[in-house]
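Position 1 is the first residue of the sequence; numbering continues from there.
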Amino acid sequence: MRVQVGAMEPKAPKPAASFRRGTLRALGAVAAAMVGLRRRQDRERDFATLKLRHVAVAGVIVAVVIVSSPC
């Protein structure tokens, strides 16, 4: 009986998909923080898990949306 090495190991997410997922989570956190609808527990979890580059990209996206929206 042959056992394949690595056959049962879960696949790691692709870097692009991981970055996109992190940026989407950061967008949600930024949007909720802007409106003030964030629970303390969620905010602390975001501080612990979100990466700075995801928050920076989300901030740029939010800034572009705000600036480009008509008054």
Side-chain angles (χ1 to χ4, degrees):
M1 183 168 142
R2 298 182 114 187
V3 176
Q4 294 180 356
V5 176
M8 299 302 252
E9 295 177 13
K11 294 182 180 179
K14 294 181 181 179
S18 176
F19 183 76
R20 199 172 316 128
R21 188 175 321 133
T23 304
L24 288 175
R25 282 191 53 229
L27 271 171
V30 168
M34 286 180 63
V35 181
L37 297 175
R38 206 69 174 159
R39 291 185 308 178
R40 182 179 198 162
Q41 178 183 3
D42 293 337
R43 186 177 65 239
E44 290 174 357
R45 185 189 60 202
D46 289 340
F47 286 150
T49 58
L50 289 176
K51 295 182 180 178
L52 179 61
R53 65 177 177 234
H54 296 144
V55 177
V57 170
V60 169
I61 291 170
V62 169
V64 167
V65 168
I66 290 173
V67 169
S68 65
S69 65
C71 294

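The stretch residues 29-39 participates, sequence neighbours left out, in these salt bridge (charged side-chain N to carboxylate O under 4.0 Å, His left out) pairs: R38-D46, R39-D42.
The two residues T23 and A58 come nearest to each other via the heavy atoms O-CB, 4.3 Å.
Linking ILVMFWY side-chain heavy atoms closer than 4.5 Å, directly or via other members, places L27 and I66 in a single hydrophobic cluster.
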